[in-house]
Amino acid sequence: MPPGRQPALFELEPEPDRWELAAETDCLAAMVVFNRPLDSVYSYLVPDDLREIIAPGQRVRVPFGRGDQLTLGYCVGVTTTVPTHRKLKTLHEILDREPLLSGAMLDLTKWIGERYLSSWGQVLDSVIPAGVKKQAGTRQIVTFELPPDLDLAQLKIPAKQRAVLEVLQQSSAPLTVDVLAERAGCGSSPIDSLRRKGLIVPRRGRSEVAQADVIEVEKQSDLQLNAEQQTALISILEALREQRHETLLLHGVTGSGKTEVYIQAIREVVSYGRQAIVLVPEISLTPQTIRRFRARFPSVAVLHSHLSDADRHWHWQQIAEGKVQVVVGARSAIFAPVPQLGLIVIDEEHEATFKQNSTPRYHARDVARERARRENVPLVLGSATPTLESLQRARLGLDRLLTLKQRVERRPLPHVTLVDTRNDPLISKGQAIGRALGQGIAHALRERGQVILFLNLRGFSPVLWCPRCSGIRCPDCDVTLTWHKDKGLLLCHSCEYSIAPPERCEKCGLPGLRFLGTGTQRLEAEVRTKFPTARLLRMDSDSMRAPGSHDEALESFREGRVDLLLGTQMIAKGLDFPNVTLVGVIDADTLLHQPELRSAERTFQLISQVAGRTGRGDREGRVLVQTMSPMEPVIQFAARHDYDSFAERELEHRAATHSPPFSLMARLILRSLTESSVQAESRRIAGILRQTTAEKNLGVRILGPAPALITKLRKYYRYHLQFTAENHAAIQELWRDAAPRFQLHPDVEMTIDMDPLDLR
DNA sequence: TTAGACCATTAC
DNA sequence: TAATGGTCTAAG
């Protein structure tokens with residue numbers, strides 16, 4: 001309404017939403033969503049020549065916005081009930097011959113959008129692999145065929161052209177220019193002339209150029225299950241046979257043979273002619289895991305991050321055609337378009353990599369649960385250290401708990417010793433390996449056992465210390481710079497910033513800066529000095545840059561060409577090496593003292609997982625955990641392999657603080673290059689949110705705004721707000737209501753994260 | 001998220 | 001008067 005004009009009386013009542021007014025017509029409308037943060041579904045008229053082709057799940061190009069920019073969208077439905085009051089724009093083009101997604105998968109993506117507060121179109125855009133969108137690995141080709149009523153004898157044409165037509169007549173399939181020219185013994189010009197005269201008809205199509213290579217693996221038969229494994233398997237088979245959805249939480253200590261249980265359950269699924277999806281953390285997608293599945297099933301698709309677009313497209317195609325029995329992959333494999341899903345397995349359920357940290361910020365476990373529920377199939381979650389979220393569901397009787405307490409072949413769990421490093425003379429001198437651990441390593445090596453040393457810090461030293469100004473920081477991020485001795489540079493681990501280390505502090509000019517703390521590189525140097533004859537391998541994201549180096553490194557450790565493996569997270573998970581007799585944890589405290597909701601849980605998980613890397617063969621394994629807080633309950637529980645007591649205590653704590661799993665959380669992050677605008681905007685937005693939750697009585701608790709734990713990241717200042725509520729619906733409603741009214745200042749960006757794991 | 005519309009300011 | 005830039009708003 002123009003300013004200064006009084007509204008007429010009849011305009012005071014809000015107009016009815018005209019889009020509600022729809023009528024059955026003989027027009028056809030396509031419902032389209034876009035890869036933008038828009039909640040609506042837009043309708044477009046389908047022109048007559050596309051009526052037969054259009055289907056939900058295809059991508060389309062449509063005029064959109066004031067300038068009718070041709071914009072890519074996803075068709076999510078087709079209807080003859082079209083809105084009548086507004087003139088619809090017309091669909092311009094259909095980009096896919098076949099739908100990229102089934103109706104069921106479209107519905108699932110809609111659910112994801114609602115659950116994780118992102119638009120349907122954004123979800124679709126991230127679910128469909130780039131290689132599928134680009135049709136990577138296929139090429140457009142033009143082939144020629146004869147028109148239907150051609151009488152070759154009647155034609156008066158040059159000999160070369162006649163030869164071309166004869167070749168075509170004898171061929172059973174249409175031919176490309178190259179083939180045609182070769183067989184007719186001519187160049188391309190006769191073919192061109194024929195085309196111009198209309199004596200041959202061109203046809204567009206796509207042909208495959210890429211194909212994933214097939215790896216032959218020696219087949220194996222099923223292993224004998226022990227009683228516990230058998231019981232777990234039977235529970236899964238029951239759900240399978242009754243064709244009902246149930247989530248089964250398989251809590252099995254490290255080395256208890258969870259994978260064998262999955263495999264035998266999948267065998268049943270495959271026998272029904274159905275397919276299974278197995279999600280594993282990316283880091284576990286080692287040749288070892290892959291071989292294990294390939295050895296047991298004829299057709300396994302492995303989806304990992306280093307697949308080319310073409311390979312990914314090819315696999316997607318194979319999966320959709322039902323040619324694959326088992327899909328093994330990381331997070332996004334939950335969207336594998338298997339035609340007849342039979343079972344979903346998530347191994348290492350507690351791993352944070354199952355949560356995507358870009359929009360849509362879905363958790364593959366929760367998407368899996370929803371997909372399994374909709375398709376009436378069981379979901380198996382496996383872990384030695386289940387998340388408290390999953391455990392609590394089992395305790396409430398929503399999911400079923402299956403427990404494997406024994407390692408296979410009755411192997412004992414490794415003995416874990418806590419080493420108090422507070423009074424260790426070597427540690428006080430700044431070394432990373434204390435006396436006890438040093439002796440342990442020497443002993444293990446003498447006995448020809450292999451050793452794993454775990455330290456969750458890459459680089460040589462995490463801080464360059466100025467006595468007056470403390471650590472040298474990244475100018476763009478609120479973190480200290482890490483000294484990488486091999487490169488001779490101080491690096492920021494949050495962005496790409498690097499500088500040569502200064503002689504004097506740049507702030508106060510004081511000389512005498514010192515490198516404090518130990519990363520994997522310094523640990524490597526220390527090991528070389530202390531154990532000069534040991535064959536040593538360091539694994540972290542710096543040393544494992546080259547493609548394939550990760551697998552190669554693990555292979556050489558497996559084959560005994562390496563005695564001592566040291567590294568970060570990378571070596572903590574899922575590795576199965578029978579000859580490892582000692583695992584050393586350099587510092588169990590680093591994770592523990594972070595002011596994060598899940599710091600205790602992560603510490604417990606990490607120690608348990610690392611400890612699980614030993615004692616997996618005939619030889620006994622032991623674990624030495626260096627810590628400055630040996631009395632800390634979490635560390636004690638981990639040392640005793642006592643998940644139940646750990647969980648009991650942590651659940652009590654979560655209940656007392658109304659944290660997940662006793663409430664639901666969401667996190668709103670705002671960032672800007674200008675600190676004052678994020679601060680002001682977060683306050684303003686917090687106001688709107690608080691007002692909305694009060695007005696609508698939603699019962700959402702809102703914390704903040706406050707500067708985020710990482711105050712500054714890649715030049716951006718960050719503030720955040722935390723929401724807690726009884727259920728997702730309250731937060732969803734709050735967001736739906738409040739977010740459209742934010743009118744955020746253009747230099748402030750905003751992200752909403754439902755069920756956040758990373759609270760930094 | 002994007003781009004046009006609208007308005008104000010600036011340069012020529 | 002045209003060009004530029006910031007802000008607002010709607011998107012079928």
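If you're wondering where the values come from, they're calculated on a predicted model, not measured in any experiment. Values below: all heavy atoms of this structure, side chains included; hydrogens, waters and symmetry mates excluded. Proteins get letters first, then strands, A, B, ... in listed order; numbering begins at 1 in each.
- By the side-chain contact (heavy atoms from CB on, under 4.5 Å) test, A:Arg312 is found to be paired with A:Pro129, A:Leu307, residues two or more places apart in sequence or in another chain being considered.
- In this view, A:Glu675 and A:Tyr717, A:Tyr719 satisfy the side-chain contact (heavy atoms from CB on, under 4.5 Å) rule, not counting sequence neighbours.
- Every residue two or more places apart in sequence or in another chain was checked for a ring-ring contact (aromatic ring centres under 6.0 Å, His included) with A:Tyr716, and none qualifies.
- Distance A:Met750 CE to B:dT1 C1': 12 Å, rounded to the nearest Å.
- With sequence neighbours excluded, the residues satisfying salt bridge (charged side-chain N to carboxylate O under 4.0 Å, His left out) with A:Asp737 are A:Lys696.
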Using the 3.5 Å cut-off, write out each protein N or O paired with an N or O of nucleotides 5-7 of chain C and the distance between them.
none

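- The separation between A:Leu744 atom CG and C:dT9 atom C1' is 15 Å, rounded to whole Å.
- Listed by residue number, A:Arg36, A:Pro37 are the residues of residues 32-40 of chain A with a heavy-atom contact under 4.0 Å to DNA chain B.
- Residues of residues 55-69 of chain A that place a heavy atom closer than 4.0 Å to DNA chain C, in numerical order, are A:Phe64, A:Gly65, A:Arg66.
- Shown are A:Arg369, A:Arg365, A:Arg393; of these, the salt bridge (charged side-chain N to carboxylate O under 4.0 Å, His left out) with A:Glu349 is made only by A:Arg365.
- Every side-chain contact (heavy atoms from CB on, under 4.5 Å) that A:Thr724 has, sequence neighbours left out, goes to A:Ser663, A:Met665, A:Arg701.
- Residue contacts for A:Gln122: at a heavy-atom cut-off of 4.0 Å it reaches no nucleic acid atom on any strand shown.
- We find that CG of A:Leu72 is positioned 13 Å from P of B:dT2, with the value rounded to whole Å.
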ring-ring contact (aromatic ring centres under 6.0 Å, His included) evaluation trace for A:Trp316 with A:Phe335: CA-CA 10 Å; A:Trp316 179 276; A:Phe335 301 113; 8.8 Å; no
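- As rounded to whole Å, 8 Å separates atom C1' of C:dA11 from atom NZ of A:Lys89.
- Evaluation of the side chain to side chain donor-acceptor pair (under 3.5 Å) rule for A:Asp366 yields no partner, not counting sequence neighbours.
- For A:Arg61, the salt bridge (charged side-chain N to carboxylate O under 4.0 Å, His left out) partners at least two apart in sequence or on another chain are A:Glu93.
- Protein atom CD of A:Glu749 is 11 Å distant from nucleotide atom P of B:dT2, rounded to whole Å.
- Between the side chains of A:Glu282 and A:Ser305, at least one donor N or O sits under 3.5 Å from an acceptor N or O.
- Counting only N and O atoms by type, the side chains of A:Thr751 and A:Arg671 include a donor and acceptor under 3.5 Å apart.
- Contacts with DNA chain C (heavy atom under 4.0 Å) in residues 669-676 of chain A: none are found.
- The distance from atom CG of A:Asp125 to atom P of B:dT1 is 13 Å, rounded to the nearest whole Å.
- In this model, a donor atom of one side chain and an acceptor atom of the other lie less than 3.5 Å apart for A:Tyr74 and A:Asp125.
- Legend: residues meeting side-chain contact (heavy atoms from CB on, under 4.5 Å) with A:Leu45, ordered by chain and number and at least two apart, are A:Cys27, A:Leu88, A:Thr90.
- Phosphate proximity of C:dC8 to A:Gln743: absent, as no side-chain N or O sits under 4.0 Å from OP1 or OP2.
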